[in-house]
Structures are given as structure tokens and as C-alpha cells.
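Report on one structure; see the data block that follows.
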Amino acid sequence: MPSTSLINFCLDDSDSDDDLELIVSTIGESLNKKRRTLYHRSIYSRTYIWRNRIHGHFKLYHDYFGENPVYSPSAFRRRFRMSRSLFIRIQSAVESSDSYFVQKRNAAGLLGLSSLQKITAALRMLAYGVAADYIDEYVRIGESTAIESLKKFVEAIVSIFSEKYMRSPTKVDTDRLLKEGDSRGFPGMLGSIDCMHWKWKNCPVAWKGMYVGHVREPTLVLEAIASYDLWIWHAFFGLPGSHNDINVLERSFLFTELAEGRAPPVNYSINGHEYTMGYYLADGIYPSWSTFVKTIPMPQSNKHKQFATAQESARKDVERAFGVLQARFSIVRGPARFWHRETLKNIMKACIILHNMIVEDERHVKNLDYNYDSFDVNPDISVSQERSAELLEFIQCHRRIRDRDTHLQLQQDLIEHIWRTHGSRT
């Protein structure tokens, strides 16, 4: 076994690469006999590869995390999709939560992969959507270990950060969203809603018919609500691609808190009419509920044209959020190569959580470049000590959510409001 001083010497940033290579080769020679007896044999037709993990950790640390890293912060953000400070925060939380990411010695007494190597491998797979063995040469990590690191990483992200970064809007959040909506000509707007399909390349043949929809290939559907700052407030993922937006809406938990009386209050007035529920901008397929505002197909008058232009412009928030999410994490842009739905759900949910963390971290940074070249069908059930809505109240609230007359009245009021506010500028 190499001495502790030799290993510490390997990890010292002040040493030159030539010295490092000399020490590593010395360690390799001292362990050559032991490696041959322990590893250098074919097990089920597979041969152990001596990857020199310590050297891989040293190069990764020296390139990105040292006092004087080789690559600049902008290069770090482009390759890791986030700032170095946010990466260190995530690494610390993940390493504290899951012992899998703590560097250990293996059965032969050799140091294993560090948390930097495992998390970097997982993030590179999420960011670039590459195969597991693509990053082996730089990170010095095997294909099976890279896949395991990815699965463990997304599980840890969901477990640690979902409560904060996948939450429903609080009272403060709601007030901020309402203020922004009012400034854009839509009082009472809480965001925009739409669905996105993720192609499932390795969908089992027996399930293919159920998961094929208008895309003509197996897909999984993500329903999401996004606000003007690209924060994704609601995500419902996992239904087969044969469902359309209405089917997904009927099965999601979008209006659960509102129907049970637990959503923050929303009160606003438009054109002399009072409203008590916020709404989302939606495209034409969504039903005519009081909680949706849709555009006008084939508008004729100037008022209707002005409203349609404003609605379709503001509704692009969710489309932009999908675009930035796929640009940051190419794994959800390309075909999914995993076999199990639970793995895909964790990946999608983790990508959205990381997306929201990056949005929060970069919220006050101007002119950012986004060109980088929830999910469960049944939500978790928890016991609440708060008073639940009575059955009659629950039914009445559901009727108010789906009230077509309120939808038409709200749309007409918004048409008049936008024309009165912005019509003279056209």
C-alpha cells in the first residue's frame, strides 16, 4: 500500500504535473503485483481497468475548484450550467445527505471516487445528455458507476431541495406574481400553463401503444406552470404521451390547494367586476374555466386583435421556460435512454429543481446567455392537522373553478382593460 504522505503529495495543488505523474507511476509500480492478484483477471468476460482515480480527482480540482483554476467562471457556468458557488452548495448538501458521495477506500484499501467526480459525472450527463462512458476519459469513472452516480444524485436532489424549490406559491410569491401580471396588463395572472413531451427511446415494446400520441413515438408528458422569471411553480410528470393537455389536467393536482381552501387569497378588480381566484394563460385546447384565460381565435375587431396579441405574448413565458430547461439539461431534450419510469421521473424532477435553483441564483444578473452549445401521477400523501374543507364547500369551489360564465366575463373584462390601457399606443 502507498503511504499516506504519497497520497497527500498527489493531491497537493502546488506540485507540477510531471511530479504527479512520477509519483502516480511509482504508486502504480508498488501496487502492480497486488493489482494483478486482485483485479487483473477476467470476471464474466470483463477486465478491471486501472483508471488512476486520484489523478482524475486532482485534474478536476485543479481545472475548476482550485485557488487559481485553469478555466474561468464563465467556462464553469457553461459546462456545469451553474455558478461555482451554487455547485459547492449542492455538493455539500448532497455529500451530507448521502454517504454514497463520501470518498472511501475500497476492499483493496485504495481511495475511491470523490464527490466531485461523482457529481460532475452526473451533471455532465444531465447537461449534455451524453452516454455514461463518454466522460470516462476525463473524470476517470466507469460506465456503471456513472449511471449509479446519476441515479443517486437525482434522488438526493429531489429529497433535499424539493420542499423549497418545488413548492406552490406562498402569499409573498402570489403578491409578487400578481404585481408583475398587473404591470403586463393582466391583473390576477399567476403564470402560464402548457405541456411538453419527452421522447422515451427505451420504452418497453409492450407499453409502446399506450405511450405513443401525436408525436408518433413513445413520450412522457410534463405539465408545467411558469412565471415571467422562468421559475416553474407547478410540474406534473409521468403520464403517457397518448394523453392530451386536457387529460393531463384532469389527473394533475394543479387546483388541489385551491379546491381545499388552502391556496393564498387572490382578490382583484377588472372593469368594475370583483374576482377572488387567480388565473393562468393557456392555449386553445384548455377548457373554458374561470381559472384560465385563452386567446381569441381569428380575432376581427381591433380590441380582439390587441387582446390576442397581448395574451399570446405573455403566454410564451412557459414556452421560454421549457426552452431554457432543455438548453440547460439536454438530457430532457433528447430521447430518454433509461428503462424505468421512476428513474425518468426523478431525472425530470431534479432538472426542474436545479433549474429553479439556478433561476434564484442568477435572478439579479443581467443579460445572461442561455445558449449553452413533479411529477408523480399520485402525489405523496401526508397527514395534515389543518381543518379540511367541508364537502359542500369543496364542491362549490370546484364549480367556481370550472365556471364557464366567469371565464367569459373575465375574458371580456381583460379585453376592455387591455384596450383601455394599451390600445391607444397601437
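We number each residue from 1, following the sequence as shown.
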Original post:
Going through the distances and angles, do Ser74 and Arg77 end up as a side chain to side chain donor-acceptor pair (under 3.5 Å)?
Top reply: CA-CA 5 Å; Ser74 61; Arg77 178 182 177 270; over 6 Å; no

**OP:** Could you check Arg363 against Asp229 for side chain to side chain contact (heavy atoms under 4.5 Å, CB included), going step by step and ending with a plain yes or no?
**Re:** CA-CA 8 Å; Arg363 180 167 286 163; Asp229 59 354; 3.3 Å; yes

**OP:** Determine, stepwise, if the pair Phe76 / Tyr71 fulfils ring-ring contact (aromatic ring centres under 6.0 Å, His included).
**Re:** CA-CA 7 Å; Phe76 186 99; Tyr71 298 104; 9.9 Å; no

Subject >> Worked verdict on Asp194 versus Arg315 for salt bridge (charged side-chain N to carboxylate O under 4.0 Å, His left out) >> reply: CA-CA 9 Å; Asp194 204 354; Arg315 194 185 65 81; 3.7 Å; yes

Original post:
Can you list the steps and then say if Asp175 with Lys171 is a salt bridge (charged side-chain N to carboxylate O under 4.0 Å, His left out)?
Top reply: CA-CA 6 Å; Asp175 292 341; Lys171 179 64 168 62; 2.8 Å; yes

**OP:** List the steps, then state whether side chain to side chain contact (heavy atoms under 4.5 Å, CB included) holds for Met357 with Ile90.
**Re:** CA-CA 10 Å; Met357 295 179 73; Ile90 292 173; 3.8 Å; yes

Original post:
Can you check side chain to side chain contact (heavy atoms under 4.5 Å, CB included) on His197 and Leu220, steps first, answer last?
Top reply: CA-CA 6 Å; His197 288 254; Leu220 294 163; over 6 Å; no

Subject >> CA sep, side-chain torsions, deciding dist, call: Trp231, Trp233, ring-ring contact (aromatic ring centres under 6.0 Å, His included) >> reply: CA-CA 6 Å; Trp231 185 289; Trp233 292 102; 5.3 Å; yes

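Taking 4.5 Å as the limit, some side-chain heavy atom of Val266 sits within range of a side-chain heavy atom of Leu178. For the pair Pro218/Lys199, no side-chain contact is recorded, criterion being any heavy-atom separation below 4.5 Å from C-beta on. Looking at Leu123 and Tyr128, their side chains never come closer than 4.5 Å, going by heavy atoms from C-beta outward. Taking the side chain as every heavy atom from C-beta outward, Arg328 and Ile358 approach each other to under 4.5 Å. Counting only heavy atoms from C-beta outward, the side chains of Tyr64 and Arg79 approach each other to under 4.5 Å. Here the side chains of Leu60 and Tyr138 are in contact, with some heavy-atom distance below 4.5 Å. The shortest side-chain heavy-atom distance between Ser83 and Asp361 falls under the 4.5 Å cut-off. Within the 4.5 Å cutoff, side-chain heavy atoms of Thr406 are placed close to those of Tyr275.
For the atom pair NE2 (His407) and CD1 (Ile401), the distance works out to 15.0 Å, reported to the nearest 0.5 Å. Taken to the nearest 0.5 Å, the CG atom of Asn106 stands 8.5 Å off from the CG atom of Leu111. To the nearest 0.5 angstrom, Glu257 atom CD is 4.0 Å from Ser168 atom OG. To the nearest 0.5 Å, the span separating CG on Leu325 from CD1 on Ile352 amounts to 6.0 Å. Rounding to the nearest 0.5 angstrom, the gap separating the CG atom in Asn68 from the NE2 atom in His62 is 9.0 Å. Here the straight-line distance linking atom CZ of Phe101 with atom OG of Ser96 works out to 12.0 Å at 0.5 Å rounding.
Side chain of Arg81 to main chain of Ala127: a donor-acceptor pair is present (N/O by atom type, distance under 3.5 Å, no hydrogens or angles). Of the possible donor and acceptor atoms, none in the side chain of Thr343 sits under 3.5 Å from a partner among the backbone N and O of Phe338. Although no hydrogens or angles enter the test, the distance criterion places no donor-acceptor pair under 3.5 Å between the side chain of Thr174 and the main chain of Pro264. Remark: side-chain polar atoms of Arg320 are paired, donor with acceptor, to backbone N or O of Tyr228 under 3.5 angstrom. Formation of a donor-acceptor pair under 3.5 Å by the Ser97 side chain with backbone atoms of Val94 is not found in this model. The main-chain N or O of Val154 is never found under 3.5 Å from a side-chain atom of Asn346 such that the two would form a donor-acceptor pair. Without hydrogens or angle criteria, Glu95 side chain to Val102 main chain gives no donor-acceptor distance under 3.5 Å. A donor-acceptor pair is defined here as one N or O able to donate and one able to accept, closer than 3.5 Å; no such pair exists between the side chain of Asn267 and the backbone of Thr276. With hydrogens and angles disregarded, no donor-acceptor distance shorter than 3.5 Å links the side chain of Gln326 to the backbone of Ile331. Side-chain N or O atoms of Thr120 include one that pairs as donor or acceptor with a backbone N or O of Leu116 at under 3.5 Å.
A salt bridge does not link Glu217 with Lys201: every distance from a Lys NZ or Arg NE/NH1/NH2 to an Asp or Glu carboxylate oxygen is 4.0 Å or more. Between Asp403 and Arg399 there is no salt bridge, since none of the side-chain N atoms of the basic residue sits less than 4.0 Å from a carboxylate O of the acidic one. Ion pairing between Glu137 and Lys59 fails under the 4.0 Å rule for side-chain N and carboxylate O. Between Glu250 and Arg402, at least one side-chain nitrogen of the basic residue sits less than 4.0 Å from a carboxylate oxygen of the acidic one, meeting the salt-bridge criterion. Ion pairing of Asp317 with Arg184 is present here, as a side-chain N (NZ or NE/NH1/NH2) and a carboxylate O approach within less than 4.0 Å. The pair Asp173-Arg176 meets the salt-bridge criterion, since a charged nitrogen lies less than 4.0 angstrom from a carboxylate oxygen.
By the 30° and 60° cut-offs, the orientation of the rings of Phe80 relative to Phe87 is perpendicular. Ring orientation note: the planes of Phe255 and Trp289 are tilted relative to one another, at an angle of 30° to 60°. Using cut-offs of 30° and 60° for the angle between ring planes, the Tyr280 and Phe292 rings count as tilted. Ring geometry for Tyr279 versus Phe186: interplanar angle over 60°, hence perpendicular rather than tilted (30 to 60°).
Every residue two or more places apart in sequence or in another chain that forms a side-chain contact (heavy atoms from CB on, under 4.5 Å) with Ile285 is listed here: Asn244, Asp245, Ile246, Asp283. Applying the ring-ring contact (aromatic ring centres under 6.0 Å, His included) criterion to His417, with sequence neighbours excluded, gives no partner residue.
Tyr100 and Ser149 share a donor-acceptor pair across their side chains, judged by distance under 3.5 Å alone. There is no side-chain donor-acceptor pair under 3.5 Å between Glu148 and Thr145. A side-chain N or O of Ser114 and one of His57 form a donor-acceptor pair less than 3.5 Å apart. For the residue pair Tyr134/Arg124, the side-chain donor-acceptor check at 3.5 Å is not satisfied. In this model, a donor atom of one side chain and an acceptor atom of the other lie less than 3.5 Å apart for Arg341 and Tyr211.
Scanning both residues, Tyr286 and Lys294, for their nearest heavy atoms gives O-NZ, 2.8 Å. Contact record, Ala310 with Ile418: CB-CD1, 4.0 Å, taken as the closest heavy-atom pair.
Counting heavy atoms of neighbouring residues, nucleotides and ligands inside a 6.0 Å radius, atom CZ of Arg404 does not exceed 12 of them. Within a 6.0 Å sphere centred on NZ of Lys104, other residues, nucleotides and ligands contribute more than 12 heavy atoms.
Both tests do not hold together for Arg53 against Phe58: distance to the six-membered ring centre under 6.0 Å, angle to the ring axis within 45°.
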